[in-house]
Amino acid sequence: MSKVPVATVWLGGCSGCHMSFLDMDERLMELAENIEITSSPFTDVKEIPEVTIGIVEGTVCNNENIETLKDLRSKCKILVAIGDCAAYGGISSMRNWFPTHEVLRRAYIETESTVLGDIPEDRILPKLIERARPIQEIVKVDAYIPGCPPSGDEIYYAITELLAGRIPVWEKGRIHYD
Amino acid sequence: MNYRTHALLCAGAACLSSGADNVQAKLEEAIKETGLSDEVKIVRTGCVGSCDLAPILIIEPDSVFYQKVKPADAEMIVREHLLKGRIYEKNLIRDPDTRNLITTHADFAFFRKQMKIVLANCGLIDPENIREYIARDGYQALGKVLSEMEPEEVIEELETSRLRGRGGAGFPTGRKWRFVHQAKGAAKYVVCNGDEGDPGAFMDRSVLEGDPHRVIEAMAIAGYTVGAQKGFLYIRAEYPLAIRRVELAIRQARELGLLGRNILETGFNFDLEVRVGAGAFVCGEETALMASILGRRGMPMPRPPFPAISGLWDCPTLINNVETYANIVPIIMNGGAWFSRIGTERSAGTKVFALAGKINNTGLVEVPMGTTLREIIFEIGGGIPGGKRFKAAQTGGPSGGCIPEQYLDISMEYDTLSAIGSMMGSGGLIVMDEDSCMVDVAKFFLEFCLDESCGKCPPCRVGTQHIFRILEKISCGEADHGDLAQLEELAAMIRKMSLCGLGQTAPNPVLSTLRYFRDEYMAHIEEKRCPAKVCRAMVTYRIRKDTCIGCGLCAKVCPVNVISKVEGQKLYVIDETPCIRCGACMDVCPVGAVIKESVGTPVEENESCLSRV
Amino acid sequence: MSESSVIHLTVNGQAVEGRRGQTILEICRAAGIYIPTLCYHPRLSVVAACRMCMVELEGNSKLQASCSTPAADGMVIRTDTEHLHEYRRLNLEFLFSERNHICPFCESSGACDLQRLGYEHKMESVRVEYLAPRLPTDLSSVCFGLDHNRCILCTRCIRVCDEIEGVHTLDLTGRGGKAMIGVDLHTDFGESTCTLCGACVQVCPTGALYDKLPAYRGRPQDLESVATTCPGCSVGCGLIAQTRYGQVIRVLGDENCPINRGHTCRIGRYDSVVIGRKRVEHPQVDSAQGWDSALAFCKQHLLADRQKKIVLALNSRTTLEACVEARNLLDTLGDNAIATLLDTDLPPQPVPAPGFDAIQKADVIWLVNCAPTRYVPVLASMLRRRVRKRQARLIVCTRRAIELSRYAELLLDLGPDEVAALFTNRDFLPSGLDEHSIRLLRECLQGNHQHLVITSDRPDRRGRTKVFADEHRKALRNAGVDLFHITVGTNTLGIAALLGDRLVDRKDLFCRELGAVVAVVGDLVDERVPAALKSLTEKAGFVLVLTSYEMEEPSQAVLPMMTWWEDGPAHVVNLIGNIRPVVPVGPPRGDARPLADILHALAVALGSKATRRNIDSIREELAQTWSKREEVAR
């Protein structure tokens, strides 16, 4: 039986969800029998191929994120949002309570450890969009794994459910938003 | 003083804002100059109804109806008609079909089909003079009730009449009075809901401004019937004239012993107080209204308990609308049976409608229940201006729905309107033609509800914001089918879960327009096109080369300077991309060279409707 | 429960019984049927605002809010359909999308009703767009913060402030999506009429209102909870102290305590947790090491100068058990030994006040020479509730305005004698009153009203005390007027009862030549205590200080004492005579010991053979003492 191809991307996230993915520990060996991780921060393969499952970590924060997200959406059958940032906006959405220019000033000029800061601007740099947004405001999402981060157990549950052809359901006790 | 002529000058809101005071000043001056001061009396009346023809002057007993009277016209009318007996034709109405001049308003189609019961005195008496009300049998009903009828008999008369509440819900009035009559409490109260908040509605306003005693007398009758000694008239702050006239009327009634202690020597005590609103549509909802009277924040409370059992200060409280009260006196005088013969089987009596929008004869009309929409719009209303095609009529304001062309022959009554997804509401009737976009209409009413939401419950406070955002996306051409599906889902939830009528009915205009004009929504979503060419993001303005005469007026008025002359030609051209679609160029073009087109124009990011967030 | 008041419902196919007058929610909760709620709170009025508790009623196409709908016999109800679940979830999604409800950086995560409901409804995403308004945060209060971005406008805070604390500092401002909780109509907490009772924080279901002290030091699920009594005043409210690693992090009102039912005040909730002070962990007595040698040293010096008085200066928090040991110590020290209170005056009439239902019964309440808001805030809230709900009228007879003056119908400058005269002499009228006041006064006195006089017999600024003398007391009693004394100080009533005439007012001892002073500072951090201590010990031969925290001025001998939170099991008695338990909440710091133990050990060192007394025998003694006093008064 062929392995189910999976691709993952991280957008405006801290990579914690990907670390949590690795927390599945020895279960990764078991999963490796059934899934193949193609393009991902783990594998460092840059081009996303056609896959069955696409997993997205992180909030949509800039226009490059939008492109990456749309790219993955167009190449996968089932899109999964992993972590609070992808599902709700999470920590990255903290900046929505301030105007973007203030956020940039704080980050690049006003932080206490910065000397002679400057806000970087270049044609090739992605531009921040006005509000950090959960991914379902941009594309259709098929499944969610909430948590900050979701634990290895929860990720394992979600992937095995998906492999069995079911959308994971988050009963009380299994779901957490922090 | 034996006047031979009464010059009835309409001092309703529309006439006043059209300059009736200046007309009056000129009339007085001219009458004095011509020495007619002892023969002609000027009477300032309430709203006559034909607001489109303001200012209005009616000369009695000649029954001559003058419209659009300017001060100069007033002088001529005095000199020609009052002094010399020659009707001044310039200000007569011209029949739109026969082109004949109409002298008396009974001959004018607008009035011919009306049956004035609620508005019987409006336009005929001076509302600031109680004696004129009394001269037209005012306070006879109160006298009859206090001296000849028991409360039970009054209730029976109301039940026989089959009168239903005119505030919008249509609850049988007799039954409500019976509930309050039977309820137990240390005290009872009678309240009149004069918080008419629907945009475009001015029925209650006209009654309060034009015939306040009709309401006062009815409230006293109500007090006697249910066992209350105190009543409150809650009038919205935006009606200062109504407030002033009602307060004056109350004072005059007190002076004559018609309010206060021992009314008409029968031992019955009843007094009234005016309470003024503070700019909140939600205070038209009865529990929020009561909170406002009690000095609290105007937010609805859960029902049960209903006000009839526990209302103001936890006492049984009767709350009725202005128009409902205005029907009481005729019912008492003519009997419930008489009233129940007017109208239809399920809705008795008449209804006052405020005709507005794309209609020739805007104004106030009163017709028996059961009159068809077609009659109201085309016979009484004079049809759609410019010969345009009727598209829909909105009834019930922000809580109601639209009536499309296929229902033009619908009988205007409570149950038929609810059956097609609209509602009678308080009587606002807004007419729309082919140039109205139904998505835009739905957006307008929804935005109103959004602004007026009290904020207590999430379905209304947050839900209306979400469906408004979806409508904005639709009108910007940025929505897809999923958005429409979500719109319907959220609308259904908001209807079921909201605490009060404002939230429960806020989705109605959206659902109603979707029901009858789904194809129009689909055009916005699938084709990114607004069929009526209203939604700005989906229209573009273009100057027709073959029509343009190169006058340059359009370029002068353009607020963003995107119209420029073509080199070497008598032709101007609009730069479509930065054009903000305000339509000023189209308004000012003398030859009609500017046209609106529906094009799927790519909208630049910074012009997206959503970028203002 | 009479037969006719029982009603029968069917809920989710199950037969359920209830009483006429109950709401659907109340009946379901009692029967263990779960209905989610957010704005509902059992102690507060019902507003039906959150729409989470909607249920389906057979025969009615409209959904009903179960919290506000009275149940009727024969109702068939469904609380758990697919339809309701979906609508409740949408409602939650509306709330989550409305403001900032991102959990990872919220202090209340794990103890938030909104979050819990999200979990219960399996809300894995929010299917509507986030609105992200930018709302302010008010951190101007010393004790707690209000983050409008976390608020769901459930209005519990408004209702508790209005209906329980009674000050109505909070209400809604603005309309619709712009509605916000307003403090005194657009002021900040720090400058408002807020009494810092913290009730709003306790009832807030999300992280909008949060206490500053425990913030980021432990979420409720990390904390241990112990129910004990408040040390703040003589009302003796029940508190829940929450600790982490043995330290008190947060204090809440105990909803199960019938005295305060979950309500408390600034003193109990905030001032009673001391931070930033260093503890005394070991005996610091000359060069002595350890308790035994320390006690030996003290014994020696206490008896050094037997000509002069030996003063045992207790404080008002001294437990009943410690009192008994104090008395025993005094006996052991001999006739020269007397006791005093370091932090408060002695109550002139040390019998318990009539119960709190005297307040509930009264139609007219007179405040004579007292300041309830300052000394017994929870009692002040009881008064405010009654007066603002128009269930009682308030007449304030104090020389200067007090916080409660603003709720008064009449403000008079009368002393106890004049107040008593009003009730006994029909013609008596205080001088200088205007017509309106005279009319009101007559109205209050002439009707068939139940009067209550509340006093604390505190001296006014110039040190004069106008006290209700026995004759006044008799006069009031004969007129059917209840007299309620506010005792100032946590256990002052108990201390006065047990120590009787061995107690002397501290001011009589200031700057006197004393042989020795044993000063029980305990865990009091009020600045007036060191000042009083200084005046007391200026000319004392030997000074032994029993304290929890290090004092600024060093003393000869210092023994480490447990704080209130560490002490117990012990007891105090509140101003109405209820015995209230003091329960140890955390382990003692270092070598600190309970006061009772220290006094007992001192007495033993001095040769006492007395055994420890238990609370039952103390309770009996108190009852006897008080009944004797009351007889005398009669």
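Sequence lines set the chain letters: A, B, ... in the order given, protein chains first and strands last, and positions in each chain run from 1. Heavy-atom basis, side chains included; hydrogens, waters and symmetry copies ignored. In this text, all values refer to a predicted model and were calculated from it rather than measured experimentally.
- Shown here is C:Gln221, whose CD atom has more than 12 heavy atoms of other residues, nucleotides or ligands within 6.0 Å.
- There is a side-chain donor-acceptor pair under 3.5 Å between C:Asn149 and A:Trp97.
- In this structure, chain C has a heavy atom under 4.5 Å from the backbone of A:Pro168, while its side chain stays farther away.
- Around CD of A:Glu161, the count of heavy atoms belonging to other residues, nucleotides or ligands within 6.0 Å exceeds 12.
- When all heavy atoms are compared, the tightest approach of A:Gln136 to C:Arg127 is NE2-CA, 3.5 Å.
- The number of heavy atoms from other shown groups lying within 6.0 Å of CZ (C:Phe105) is above 12.
- Ranked by heavy-atom pairs shorter than 4.5 Å toward chain C, the options A:Ile91, A:Val169, A:Asp178 are led by A:Asp178.
- Summarising the local packing, CG of A:Leu125 is surrounded by more than 12 heavy atoms from other residues, nucleotides or ligands at distances under 6.0 Å.
- Environment of CZ in A:Phe98: sparse, with no more than 12 heavy atoms of neighbouring residues, nucleotides or ligands closer than 6.0 Å.
- Your options are C:Gly110, C:Ser109, C:Ser97, and the one with the most heavy-atom pairs under 4.5 Å with chain A is C:Ser109.
- Residues A:Tyr88 and C:Tyr130 keep their aromatic ring centres 6.0 Å or farther apart.
- For A:Asn96, the parts lying under 4.5 angstrom from a heavy atom of chain C are both the backbone and the side chain.
- Contacts of A:Pro99 with chain C are made by both backbone and side-chain atoms, with heavy-atom separations under 4.5 Å.
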Trace of the side chain to side chain contact (heavy atoms under 4.5 Å, CB included) decision for C:His101 with A:Tyr177: CA-CA 10 Å; C:His101 297 292; A:Tyr177 302 147; over 6 Å; no
A:Arg133/C:Glu129 under side chain to side chain contact (heavy atoms under 4.5 Å, CB included): CA gap, chis, key distance, verdict: CA-CA 9 Å; A:Arg133 309 168 82 169; C:Glu129 227 174 85; 4.1 Å; yes
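- Under a cut-off of 6.0 angstrom, the local environment of NZ in A:Lys70 is sparse, with at most 12 non-hydrogen atoms contributed by other residues, nucleotides or ligands.
- Shown here is A:Arg105, whose CZ atom has no more than 12 heavy atoms of other residues, nucleotides or ligands within 6.0 Å.
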Residues A:His176, C:Tyr119; criterion side chain to side chain contact (heavy atoms under 4.5 Å, CB included); working and verdict: CA-CA 7 Å; A:His176 56 95; C:Tyr119 295 164; 3.6 Å; yes
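- Between atom NE2 of residue C:His121 and atom CD1 of residue A:Ile175 there is a gap of 12.0 Å, rounded to the nearest 0.5 Å.
- The choice from C:Ala132, C:Pro133, C:Gly118, C:Pro104 that makes the most heavy-atom pairs within less than 4.5 Å of chain A is C:Pro104.
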Check against side chain to side chain contact (heavy atoms under 4.5 Å, CB included), A:Met94 and C:Ile102: CA-CA 8 Å; A:Met94 249 177 121; C:Ile102 307 292; over 6 Å; no
